[in-house]
Each structure stands twice: as C-alpha cells, then as structure tokens.
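Quick caveat: nothing in here was measured; it's all calculated off a predicted structure. Both backbone and side-chain heavy atoms feed into the values below; hydrogens, waters and symmetry mates do not.
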Amino acid sequence: MGEFLRKPEIRRITRDVPPAHYIFSIESFSLLVDTGVEKYESHAFDVQNYKWRLSLYPSGNKKSNGEGFISLYLQIEDTQYFPRTWEVNVNFRFFILDQIRDKYLTIEESDGVIKRYYQMKTEWGIAQLLSLDHFNETSNGYLVDDCCSFGVEVFVIKQTGKLERLSMMKQPPNNTITFQLQKYSVPFYERYTSDVQTIGDSKWELIVYPRGIGTAKNIALSVFLGLVEAQKLPPKGKVYAKYNFRVRDSFNSINTREFTASAWFTASAIGFGSRHFISLRDLQDRSKGYIVNDTLIVEADIIIVSNVKLFL
C-alpha cells in the first residue's frame with residue numbers, strides 16, 4: 001500500500017494588527033458576484049523585490065474543490081524577466097477583516113509549508129479560505145454593508161549563501177605536541193610553553209609547570225593544553241578537543257604515565273589539563289625513567305578536535 005497524502009490543515013486565528021504587505025478592499029461585493037466574474041485580480045504590489053498579485057474567486061474556485069467558499073491565491077508577477085531556471089520560496093498568510101470587532105482573521109496552512117514558485121507554478125493559495133455561508137453572515141463581521149477587506153503577508157525565503165560546517169576530526173594529522181625541558185634540575189622558570197602547533201584548524205601549545213602550580217605547587221608536575229588564539233574566537237565560539245598527556249618511562253613502558261580528558265575551549269577558558277599529573281616524588285625517581293640525562297619530555301596527543309568552516 002502506498003503512503004497516504006494528508007491534506008494540509010488550515011489554521012485560522014484572529015489578531016489586532018493589520019497585514020503588513022497588502023490590503024484589498026471591495027465595496028458592493030454582491031455586485032461583483034453578479035457580474036459572473038470567476039476570478040478578480042488585484043493590482044500588483046512589491047514585497048522583497050518581487051511583484052505579487054492577489055487572485056480572488058468570490059464564488060470559489062470550482063476547479064480546486066472551492067465551490068461554496070471564498071478562494072484566495074497569491075501569484076507572482078513579471079516572471080518573464082527572471083532567469084530561465086528561477087524559483088522563489090515563500091511562506092504567506094491571508095487575512096479577512098472582521099469589521100465589527102476590528103480584528104483580522106488570519107488564515108494559513110497550519111504546518112507553515114514553504115511554497116515553491118517556479119516557471120510551471122506561479123500561483124498558490126487556499127481554495128476553501130472561508131465558507132460563503134460564514135462569510136455572508138453579517139454578524140460575523142466579514143461582509144458588512146456589502147463591503148469586505150482581504151489582505152496578505154508575504155515572506156520570501158532567500159538563500160544568503162552563508163554556510164557553517166562543524167566537523168569533528170578524529171586523529172587529525174600531526175596531532176602530537178612534544179615539549180622538552182633540558183636541565184630540569186636547574187629551575188629557571190616556573191612556567192614553560194612548547195612551540196605552537198597547528199592541529200585541525202586551531203593553534204595549540206603545551207603549558208608545563210615542572211614543579212606544579214596552585215594546589216600542586218612543589219607537589220606535582222602540572223600540564224595544560226592551551227588554545228593559542230582563543231581570544232580571536234567569535235562571540236560564543238568554541239573549539240572542542242579530546243587530548244592525552246604522556247610522560248614516557250624511558251627504560252620500558254611499565255611506568256609511562258598518561259592522562260586523558262576533553263573540553264570545549266573558549267575565549268574565557270583557554271586552557272585545560274591536570275595540576276596533579278605526576279607527583280614530583282615519582283617524577284624525580286630515576287628508576288621510573290621519566291627524567292633521563294636531566295631532561296624531561298612531555299607529550300600531548302589531540303585525539304579529536306572540532307573544526308568550523310564558514311562559506312560566505
């Protein structure tokens with residue numbers, strides 16, 4: 001069995017504000033009907049650099065099951081000047097003025113369908129906008145003293161050509177940062193940084209405190225991963241990284257120490273890591289092979305990194 005094609009539902013609500021783009025008022029509506037006209041087209045009007053026109057079927061569009069209803073359509077004009085493969089995507093809503101209550105009945109497809117106008121389809125609308133019985137009943141306010149007003153709001157969905165693409169890159173190329181500190185036993189500085197390295201689309205560095213920082217001061221080796229150009233991120237911009245710190249056991253792999261974590265880096269959170277990566281007692285224990293020839297080597301692998309590309 002094929003899929004069932006659901007008929008679009010029509011949503012009708014009232015509001016105080018008149019339609020933003022066009023109002024079409026008719027005096028002596030009954031005389032218009034008596035002329036036998038099937039369709040009456042309004043003057044053209046401009047919205048978002050396109051010309052439009054309302055098409056009113058005062059006795060209903062019988063070809064589209066609109067008999068017994070007011071039918072109203074929005075058609076696009078001057079398409080002969082468009083490129084051959086043109087298309088315009090539009091969301092619109094119709095209005096009927098309730099003259100007694102000074103409110104507007106707003107009528108649109110309930111699911112907010114975007115209508116595609118193109119060479120073979122230059123008109124869209126609602127065949128059963130409002131039943132003629134309901135419209136003609138004076139107490140409802142739509143036809144008063146044989147006068148009525150219809151309206152429309154047109155919203156063209158324009159492609160700006162802007163695209164943002166977020167990708168999560170696993171094991172990006174050249175993803176290991178290596179920091180080497182010679183003469184570890186001679187503490188020249190409290191803080192050291194590695195060379196800056198580009199991984200993914202971002203620049204990174206290792207920040208190493210050989211004798212700790214904060215609560216780890218003189219207790220443990222502190223290591224952090226820093227996003228070098230974090231201050232250049234746009235407002236609310238952020239970069240994700242899953243990373244792994246490592247200090248190798250140079251004699252064998254038994255004592256190799258690693259630390260894995262992840263974080264979103266921002267302009268206000270430019271670095272993440274571990275204050276208590278390795279206790280200084282273990283780090284300086286020669287049997288564990290962390291410091292050889294008075295040289296400390298710390299590595300960081302960026303396992304996953306986010307990249308954002310903007311196509312304008």
Quiz item: Are Phe155 and His21 close enough that their ring centers fall under 6.0 Å?
Solution: yes
Practice problem: Measure the shortest side-chain to side-chain distance between Ser306 and Leu166 over non-hydrogen atoms and say whether it is less than 4.5 angstrom. | Solution: yes
Quiz item: With side chains defined as the heavy atoms from C-beta onward, is the minimum distance between Val88 and Trp52 less than 4.5 Å?
Solution: yes
Quiz prompt | Interatomic distance, Ile207 atom CD1 to Thr193 atom OG1 [nearest 0.5 angstrom] | solution = 7.5 Å
Self-check item: Glu41 atom CD, over 12 foreign heavy atoms within 6.0 Å
Solution: yes
Quiz item: Distance only, no hydrogens: is a donor on one side chain within 3.5 Å (strictly under) of an acceptor on the other, for Arg15 and Tyr104?
Solution: no
Quiz item: Okay, side chain of Gln99, backbone of Cys147: is any donor-acceptor separation there less than 3.5 Å?
Solution: yes
Quiz item: Near Asp102 CG, under 6.0 Å, is it more than 12 heavy atoms from other residues, nucleotides or ligands?
Solution: no
Exercise. Would you indicate whether the side-chain heavy atoms of Leu227 and Glu229 approach each other to under 4.5 Å?
Key: no
Practice problem: Determine yes or no for a side-chain-to-main-chain donor-acceptor pair under 3.5 angstrom, with Arg53 supplying the side chain and Ser42 the backbone. | Solution: yes
Quiz item: Is it true that a side-chain atom of Glu164 and a backbone atom of Val308 form a donor plus acceptor pair closer than 3.5 Å?
Solution: no
Exercise. Verify the cluster assignment for Ile297 and Phe188: are they in a single hydrophobic cluster under the rule of side-chain heavy atoms below 4.5 Å apart?
Key: no
Quiz item: Counting only heavy atoms not in Ile254, do more than 12 sit closer than 6.0 Å to its CD1 atom?
Solution: no
Self-check item: Pairwise distance CG(Leu129) to CG(Leu72) - rounded to 0.5 angstrom
Solution: 5.5 Å
Practice problem: Would you mind telling me which of Phe150, Phe24, Tyr57 makes a ring-ring contact (aromatic ring centres under 6.0 Å, His included) with Tyr73? | Solution: Tyr57
Practice problem: Mind jotting down which residue pairs meet the ring pair (Phe, Tyr, Trp, His ring centres under 6.0 Å) criterion with at least one end in residues 268-290? Sequence neighbours excluded, please. | Solution: Phe265-Phe272
Quiz item: What heavy-atom pair brings His134 and Asn140 nearest, and what distance separates the two atoms?
Solution: O-ND2, 2.9 Å
Self-check item: Shortest non-hydrogen contact from Lys238 toward Trp264
Solution: CG-CE3, 3.6 Å
Quiz prompt | Rounded distance (nearest 0.5 Å) linking atom NZ of Lys103 with atom CD1 of Ile13 | solution = 11.5 Å
Quiz item: Ignoring hydrogens and geometry, is there a side-chain-to-backbone donor-acceptor pair from Asp146 to Ser30 under 3.5 Å?
Solution: yes
Quiz item: Looking at Glu77 and Lys51, does any basic side-chain N land under 4.0 Å from a carboxylate oxygen?
Solution: no
Practice problem: Considering non-hydrogen atoms only, spot the tightest contact between Pro18 and Ile23 and give its length. | Solution: CB-CD1, 4.3 Å
Quiz item: Are the side chain of Arg257 and the backbone N or O of Asp249 linked by a donor-acceptor pair below 3.5 Å?
Solution: no
Quiz item: Taking only residues two or more places apart in sequence or in another chain, which ones pass ring-ring contact (aromatic ring centres under 6.0 Å, His included) with Phe82?
Solution: Tyr50, Trp86
Quiz prompt | Under 3.5 Å donor-acceptor, Gln180 side chain and Thr295 backbone | solution = no
Quiz item: In terms of ring plane angle, is the pair Tyr22 and Phe45 parallel, tilted or perpendicular, where the classes change at 30° and 60°?
Solution: parallel
Quiz item: Which residue pairs satisfy the ring pair (Phe, Tyr, Trp, His ring centres under 6.0 Å) criterion with at least one member in residues 158-184, sequence neighbours excluded?
Solution: none
Self-check item: Pair Lys62 + Glu38, salt bridge at N-O below 4.0 Å
Solution: no
Exercise. Answer yes or no: does atom NZ of Lys121 have more than 12 heavy-atom neighbours from other residues, nucleotides or ligands under 6.0 Å?
Key: yes
Quiz item: If we only count heavy atoms from C-beta on, is the Asn174 to Gln197 side-chain gap below 4.5 Å?
Solution: yes
Practice problem: Consider only side-chain N and O atoms of Thr260 and Asn244, and report whether a donor and an acceptor are under 3.5 Å apart. | Solution: yes
Quiz item: Does Asp301 reach the main-chain N or O of Ile303 with its side chain, forming a donor-acceptor pair under 3.5 Å?
Solution: no
Quiz prompt | Over 12 non-hydrogen atoms of neighbours within 6.0 angstrom of CD1 in Ile270 | solution = no
Quiz item: Does atom OH of Tyr81 have more than 12 heavy-atom neighbours, drawn from other residues, nucleotides or ligands, at distances under 6.0 Å?
Solution: no
Self-check item: Approximate separation, where rounding is to 0.5 Å, of Ser268 OG and Gln231 CD
Solution: 8.5 Å
Practice problem: Dump the intermediate steps for side-chain hydrogen bond (donor to acceptor under 3.5 Å, both in side chains) on Asp285 and Ser287, then the final yes or no. | Solution: CA-CA 6 Å; Asp285 185 340; Ser287 67; 2.7 Å; yes
Quiz item: Passes side chain to side chain contact (heavy atoms under 4.5 Å, CB included), Gln119 versus Thr79? Steps please.
Solution: CA-CA 8 Å; Gln119 187 174 4; Thr79 59; over 6 Å; no
Quiz item: Where do Asp282 and Lys288 land on the side chain to side chain contact (heavy atoms under 4.5 Å, CB included) test, with the steps shown first?
Solution: CA-CA 7 Å; Asp282 286 343; Lys288 297 186 183 296; 3.4 Å; yes
Quiz item: Judged by atom type as modelled, is there a donor-acceptor pair below 3.5 Å linking the side chain of Trp204 to the main-chain atoms of Ile199?
Solution: yes
Practice problem: Start with the C-alpha distance between Val223 and Val247, add both sets of side-chain angles, then the distance that settles side chain to side chain contact (heavy atoms under 4.5 Å, CB included), and finish with yes or no. | Solution: CA-CA 10 Å; Val223 181; Val247 174; 5.9 Å; no
Practice problem: Quick one: pull up OG1 in Thr122 and CG in Leu74 and give me the separation to the nearest 0.5 Å. | Solution: 10.0 Å
Self-check item: Taking every non-hydrogen atom, the tightest pair across Ser194 and Ile177
Solution: OG-CG2, 3.4 Å
Quiz item: Shortest non-hydrogen contact from Leu221 to Pro210?
Solution: CD1-CA, 3.7 Å
Quiz prompt | Closest approach of Ile213 to Arg275 (non-hydrogen atoms, all atoms of both residues) | solution = O-NH1, 3.5 Å
Quiz item: Where the side chain of Asn307 meets the backbone of Asp201, is there a donor-acceptor pair that is under 3.5 Å apart?
Solution: yes
Quiz item: Same cluster or not: are Leu97 and Ile126 linked, directly or through other Ile, Leu, Val, Met, Phe, Trp or Tyr residues, by side-chain heavy atoms under 4.5 angstrom apart?
Solution: no
Quiz item: Are the side chain of Glu109 and the backbone of Ile10 linked by a donor-acceptor contact shorter than 3.5 Å?
Solution: no
Quiz item: Checking side chain to side chain contact (heavy atoms under 4.5 Å, CB included) for the pair Leu296/Leu283: CA distance, chi angles, key distance, verdict?
Solution: CA-CA 9 Å; Leu296 169 67; Leu283 183 67; 3.8 Å; yes
Self-check item: Plane angle bin for Phe245 and Tyr243 - parallel if under 30°, tilted between 30 and 60°, otherwise perpendicular
Solution: tilted
Quiz item: If you measure from NZ on Lys39 to OG on Ser59, what distance do you get to the nearest 0.5 Å?
Solution: 14.5 Å
